[in-house]
Amino acid sequence: MDNSRISLRPFKISDANDLMKWAKDDNVTYYLRWNTITSIEAASNYIQQVVIPHPWSRSICLDDRSIGYVSVRPESGNENHRAHIAYAIGYDYWGQGIVTKALKMAIPIVFKDFPNLVRVEALVEHENRGSQKVLEKVGFKKEGFLRKYGCNKGEIRDMFIYSFLSTDQIM
């Protein structure tokens, strides 16, 4: 994959068709906290009501077409030194290094956009080896195993916690 074809940018309402292509796939949304999106109207509403108001959400683009997302949600108050990262990409693009490239692009921007931020955390379900590999390739450190920690689609699941500090180096 030619890395120059990969970019990050804010979502636009006009991304609804592209978003629906990957967000309607149960393979893609299995590990996400939101359900599949099954209509253009739902995709448009999701962009308007959830994505655009989000503190930091970017479309992962291939040739400026949305094929996934990366979002970072900083904590507030005394915890504003910490943020959570989430991401997904269309099934057709799995295993091509695109998410790894996108996260390597996103991390420095996030630390710049949120000057109080010291730590970005990722929670990954224990069986999601693909996501674990992505984080490790970027330079996130696996810190621990959290038993029965996260609830996803009504099921309590075991998670790994990863972190990337502002002083860490992107791999």
Side-chain angles (χ1 to χ4, degrees), residues 6 8 11 19 22-37 46-47 49-60 66-171:
I6 302 165
L8 294 177
F11 276 90
L19 182 137
W22 54 267
K24 70 179 180 182
D25 186 338
D26 290 335
N27 291 310
V28 173
T29 61
Y30 181 78
Y31 293 113
L32 302 179
R33 301 297 180 257
W34 44 275
N35 294 319
T36 55
I37 294 176
Y46 184 77
I47 291 170
Q49 297 169 11
V50 177
V51 177
I52 290 174
H54 192 282
W56 201 94
S57 184
R58 300 295 184 270
S59 175
I60 300 172
S66 180
I67 61 167
Y69 83 98
V70 58
S71 67
V72 176
R73 181 174 299 280
E75 295 287 336
S76 60
N78 290 336
E79 303 300 319
N80 72 349
H81 67 283
R82 193 162 42 96
H84 297 272
I85 193 167
Y87 48 87
I89 194 167
Y91 184 78
D92 292 343
Y93 303 100
W94 287 11
Q96 298 180 37
I98 296 171
V99 174
T100 301
K101 172 66 175 170
L103 292 184
K104 287 180 178 184
M105 293 166 64
I107 294 296
I109 298 168
V110 167
F111 281 117
K112 185 176 133 227
D113 287 353
F114 299 100
N116 292 333
L117 198 61
V118 175
R119 173 187 173 92
V120 175
E121 298 175 342
L123 293 170
V124 181
E125 293 179 28
H126 75 95
E127 71 271 11
N128 189 349
R129 288 292 307 139
S131 192
Q132 293 170 44
K133 288 178 185 177
V134 165
L135 292 168
E136 290 163 6
K137 286 178 184 176
V138 172
F140 278 74
K141 306 291 183 246
K142 185 186 284 188
E143 294 184 329
F145 182 69
L146 306 170
R147 300 181 309 150
K148 303 298 181 202
Y149 186 81
C151 183
N152 188 1
K153 298 177 176 74
E155 183 181 333
I156 306 298
R157 300 182 184 184
D158 296 335
M159 311 285 277
F160 286 108
I161 186 166
Y162 285 80
S163 71
F164 192 96
L165 303 181
S166 59
T167 55
D168 289 343
Q169 296 295 314
I170 290 179
M171 301 229 164

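Residue indices begin at 1 and follow the sequence shown.
- Scanning for ring pair (Phe, Tyr, Trp, His ring centres under 6.0 Å) contacts around F145 gives F160, with sequence neighbours left out.
- Taking Y31 as the reference, nothing meets the ring pair (Phe, Tyr, Trp, His ring centres under 6.0 Å) condition, with sequence neighbours excluded.
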_Does W22 form a side chain to side chain contact (heavy atoms under 4.5 Å, CB included) with Y93? I'd like the steps, not just the answer._
CA-CA 10 Å; W22 54 267; Y93 303 100; over 6 Å; no
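- With a 4.5 Å cut-off on side-chain heavy atoms, W56 and I85 do not count as touching.
- One distance of note links CD of E136 with OG1 of T100; it measures 10.5 Å at 0.5 Å rounding.
- The two residues L8 and A102 make their nearest non-hydrogen contact at CD1-O, 3.5 Å.
- The side-chain contact (heavy atoms from CB on, under 4.5 Å) check on V50 picks up Y46, with sequence neighbours excluded.
- For R82, the salt bridge (charged side-chain N to carboxylate O under 4.0 Å, His left out) partners are E79, E121, not counting sequence neighbours.
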*Please report the C-alpha distance between N35 and K153 in whole Å, then the side-chain angles of each, then the deciding distance to 0.1 Å, and finally whether the side chain to side chain contact (heavy atoms under 4.5 Å, CB included) criterion is met.*
CA-CA 8 Å; N35 294 319; K153 298 177 176 74; 3.5 Å; yes
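- Remark: Y149 engages no residue in a ring pair (Phe, Tyr, Trp, His ring centres under 6.0 Å) (not counting sequence neighbours).
- P55 and P74 get closest at one heavy-atom pair: CB-CD, 4.0 Å.
- By the 4.5 Å heavy-atom criterion applied to side chains, L117 and N80 are not counted as neighbours.
- Across all their heavy atoms, F11 and L19 have their closest contact at CE2-CD1, 3.8 Å.
- Between L32 and Y69, the closest side-chain pair of non-hydrogen atoms falls below 4.5 Å.
- E125 meets the side chain to side chain donor-acceptor pair (under 3.5 Å) test with R33, N152, R157; sequence neighbours excluded.
- Residue S131 holds its OG atom at 11.5 Å from CD1 of I89, rounded to the nearest 0.5 Å.
- In terms of heavy atoms, L103 sits closest to V138 at CB-CG2, 3.8 Å.
- For F164, the ring pair (Phe, Tyr, Trp, His ring centres under 6.0 Å) criterion is met by F140, not counting sequence neighbours.
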*Could you go step by step and tell me if T167 and V118 meet the side chain to side chain contact (heavy atoms under 4.5 Å, CB included) rule?*
CA-CA 8 Å; T167 55; V118 175; over 6 Å; no
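- The side chain to side chain contact (heavy atoms under 4.5 Å, CB included) test with V51 singles out one residue from S59, S71, S57, and that residue is S57.
- Sorted pairs that involve residues 98-112 and meet salt bridge (charged side-chain N to carboxylate O under 4.0 Å, His left out), not counting sequence neighbours, are lacking altogether.
- Distance CG/D26 to OG1/T36: 5.0 Å, rounded to 0.5 Å.
- With a 4.5 Å cut-off on side-chain heavy atoms, K137 and M171 do not count as touching.
- Between the side chain of D158 and the backbone N or O of K148, at least one donor-acceptor pair lies under 3.5 Å.
- Taking CZ of F114 as the reference point, atom CZ of R73 lies at 10.0 Å (rounded to 0.5 Å).
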*Quick one: do I37 and T29 satisfy side chain to side chain contact (heavy atoms under 4.5 Å, CB included)? Show the steps, please.*
CA-CA 9 Å; I37 294 176; T29 61; over 6 Å; no
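- If you check the side chains of E75 and H81, you find no donor sitting under 3.5 Å from an acceptor.
- Surrounding NZ of K133 are at most 12 heavy atoms belonging to other residues, nucleotides or ligands under 6.0 Å away.
- Between atom CD1 of residue I67 and atom CG of residue D92 there is a gap of 9.5 Å, rounded to the nearest 0.5 Å.
- Residues satisfying the side chain to side chain donor-acceptor pair (under 3.5 Å) test with Q169, not counting sequence neighbours, are none.
- With sequence neighbours excluded, no residue satisfies side chain to side chain donor-acceptor pair (under 3.5 Å) with H126.
- Partners of N27 under the side chain to side chain donor-acceptor pair (under 3.5 Å) rule, at least two apart in sequence or in another chain, are D25.
- Within 6.0 Å of OH on Y30 lie more than 12 heavy atoms contributed by other residues, nucleotides or ligands.
- Looking at residues two or more places apart in sequence or on another chain, you find no salt bridge (charged side-chain N to carboxylate O under 4.0 Å, His left out) involving E127.
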*Begin from the C-alpha positions of R119 and E143 and carry the test salt bridge (charged side-chain N to carboxylate O under 4.0 Å, His left out) through to its verdict.*
CA-CA 13 Å; R119 173 187 173 92; E143 294 184 329; 2.5 Å; yes
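- Taking a 6.0 Å sphere around CZ of R147, one finds it holds 12 or fewer heavy atoms contributed by other residues, nucleotides or ligands.
- When every heavy atom of S163 is checked against every heavy atom of D168, the shortest pair comes out as O-OD2, 4.4 Å.
- Between I60 and A88, the shortest heavy-atom contact is CD1-O, 4.0 Å.
- If you take CD1 on I161 and NZ on K141, they are separated by 15.0 Å, rounding to the nearest 0.5 Å.
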